[in-house]
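Data first, discussion second: the structure below is written as structure tokens.
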Amino acid sequence: MGSIVLLTVITYSIRYVVRNYYEKKIVETNAAIIHSHVEEVESIYRQMRGWRHDYKNHIQAMKAYLEMNQIDQIKGYLNELDEDLMSVDTLIKSGNVTVDAVLNSKLTLAQSKEIVLNAKAQVPKSIQILDVDLGVVLGNLLNNAVEGCLTVDNPQDRFIRVYIQVMKEQLYISVTNSMNRQVRKIGKQYITTKSGKDHGFGLLRIDNTVEKYGGYINRQSEEGVFATEVMLPL
């Protein structure tokens, strides 16, 4: 009888510890997501504020052209302004709304942190992958890439390369970034370190989503560079 009671106590204790661990992880993850969103919104807001700051100058220039009856110059000026405005928060157009939303949000933030960007993406308007799952994969890949770049002291050495394309009925995603931190590997699982603690929750979320679709993931780490390839069946 005593052994049964002891076993019950141990079982509940383990459940309590595990539940508290995952609840703490969820809180930490939600806080990180909120912090990331705040940074992204602030970055976009700064871009918009910069454009608004120049608005008065643009109006004055066009009024001057109008007074001189230089209609062609006004048309050219308006075309340039249109291109400039379209460049705000539209660093890339893949053809897929979800991909564009995530990429432009994350890459705008990366650009504000002096990270050199090279991104190419072409994705069908409609795919079988759920928007939420696509957001989990792309969002975590780019969050990790930005974090890795920020460990590099010299901004000129920071870079993120993104390539997304459909290949043989699979969505191929490649993200490569510079970094200057330790990356440990336990078996086939990479675990990055952040502030002296294991920081692999984002990697785990990517892995779980890829597994959900029966996809493929490959990570490679070399000196100063971290690369991830993901393939998701369509």
Side-chain angles (χ1 to χ4, degrees), residues 25 28-29 31-33 35-37 39-40 43 91-92 94 98-123 129 133-167 170-232:
K25 281 293 184 181
E28 291 175 352
T29 301
I33 290 172
H35 178 71
S36 176
H37 286 337
E39 283 194 304
E40 291 161 17
S43 175
L91 297 174
I92 192 167
S94 70
T98 301
V99 172
D100 288 349
V102 177
L103 285 184
N104 284 305
S105 175
K106 301 298 182 182
L107 294 180
T108 297
L109 176 63
Q111 193 175 56
S112 72
K113 297 182 180 297
E114 300 182 274
I115 298 173
V116 178
L117 303 176
N118 185 346
K120 295 181 180 180
Q122 188 172 356
V123 183
I129 303 167
D133 293 332
L134 197 55
V136 166
V137 173
L138 290 177
N140 280 288
L141 282 174
L142 291 169
N143 282 344
N144 291 339
V146 171
E147 288 179 7
C149 285
L150 294 182
T151 63
V152 179
D153 293 330
N154 187 352
Q156 294 182 350
D157 295 330
R158 299 172 185 167
F159 69 85
I160 293 177
R161 292 194 292 266
V162 180
Y163 182 75
I164 305 176
Q165 182 66 273
V166 173
M167 296 182 178
Q170 303 226 17
L171 183 64
Y172 174 77
I173 303 170
S174 172
V175 178
T176 305
N177 62 274
S178 56
M179 67 171 185
N180 184 25
R181 68 180 176 190
Q182 181 182 2
V183 179
R184 295 193 296 113
K185 191 174 183 181
I186 300 178
K188 295 182 179 181
Q189 181 68 44
Y190 277 95
I191 300 178
T192 62
T193 57
K194 182 181 180 184
S195 303
K197 297 180 180 180
D198 289 342
H199 183 65
F201 203 62
L203 300 181
L204 182 60
R205 295 192 71 197
I206 296 171
D207 291 348
N208 289 341
T209 305
V210 172
E211 183 179 356
K212 172 182 175 180
Y213 287 90
Y216 166 83
I217 186 164
N218 177 46
R219 296 185 178 96
Q220 296 291 332
S221 175
E222 297 180 2
E223 186 175 354
V225 178
F226 192 84
T228 305
E229 289 180 307
V230 172
M231 295 192 77
L232 298 172

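All residue numbers in this chain count up from 1 along the given sequence.
- The shortest distance between side-chain heavy atoms of Asn143 and Lys106 falls below 4.5 Å.
- Taking the side chain as every heavy atom from C-beta outward, Thr228 and Asn218 never approach each other to under 4.5 Å.
- Here CG of Leu138 is found 7.5 Å from CG of Leu171. Values are rounded to the nearest 0.5 Å.
- To the nearest 0.5 Å, atoms OG1 (Thr176) and CD (Gln220) are separated by 10.5 Å.
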| request: Apply the test side-chain contact (heavy atoms from CB on, under 4.5 Å) to residues Ile129 and Tyr213: give CA-CA distance (whole Å), side-chain angles for both, the deciding distance (0.1 Å), then the verdict. | output: CA-CA 8 Å; Ile129 303 167; Tyr213 287 90; 3.9 Å; yes

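- Contact check on Asp207 versus Lys212 returns no salt bridge, with no Lys/Arg side-chain nitrogen under 4.0 Å from an Asp/Glu carboxylate oxygen.
- Expressed to the nearest 0.5 Å, how far CD of Glu147 lies from OG1 of Thr151 amounts to 9.5 Å.
- In this structure, Lys120 NZ and Leu103 CG are separated by 14.5 Å, a value rounded to the nearest 0.5 Å.
- Here the shortest heavy-atom pairing between Ala121 and Ile92 reads N-CD1, 3.6 Å.
- Between Cys149 and Arg158, the shortest heavy-atom contact is O-CG, 3.4 Å.
- No donor-acceptor distance shorter than 3.5 angstrom exists from the side chain of Ser105 to the backbone of Val102, with no hydrogens or angles considered.
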| message | For Ile217 and Glu229: C-alpha separation, side-chain torsions, deciding distance, then whether side-chain contact (heavy atoms from CB on, under 4.5 Å) applies. | response | CA-CA 6 Å; Ile217 186 164; Glu229 289 180 307; over 6 Å; no

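- Side-chain contact between Val146 and Lys113 is present, with heavy atoms from C-beta onward closer than 4.5 Å.
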| request: Would you check, one step at a time, whether the test side-chain contact (heavy atoms from CB on, under 4.5 Å) holds for Val162 with Leu141? | output: CA-CA 10 Å; Val162 180; Leu141 282 174; over 6 Å; no

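- Side-chain contact between Leu203 and Arg219: present, with at least one pair of heavy atoms (C-beta onward) separated by less than 4.5 Å.
- Side-chain atoms of Asp100 and Ser94 form a donor-acceptor pair, as typed in the model, at a separation below 3.5 Å.
- By the 4.5 Å heavy-atom criterion applied to side chains, Leu232 and Val210 are counted as neighbours.
- For Gln165, the CD atom is densely surrounded, since the number of other residues' heavy atoms within 6.0 Å is greater than 12.
- Residue Phe159 holds its CZ atom at 10.0 Å from CE of Met179, rounded to the nearest 0.5 Å.
- Nearest heavy-atom pair, Ser221 versus Phe226, reported as atom, atom and distance to 0.1 Å: CB-CD1, 3.8 Å.
- For the pair Ile164 and Val175, the minimum side-chain heavy-atom distance is 4.5 Å or more.
- Considering only heavy atoms from C-beta on, Val116 stays 4.5 Å or farther from Ile160 through its side chain.
- No side-chain heavy atom of Ser178 sits less than 4.5 Å from a side-chain heavy atom of Asp157.
- With rounding to the nearest 0.5 Å, the separation of CD1 in Ile206 from CD in Glu211 is 14.0 Å.
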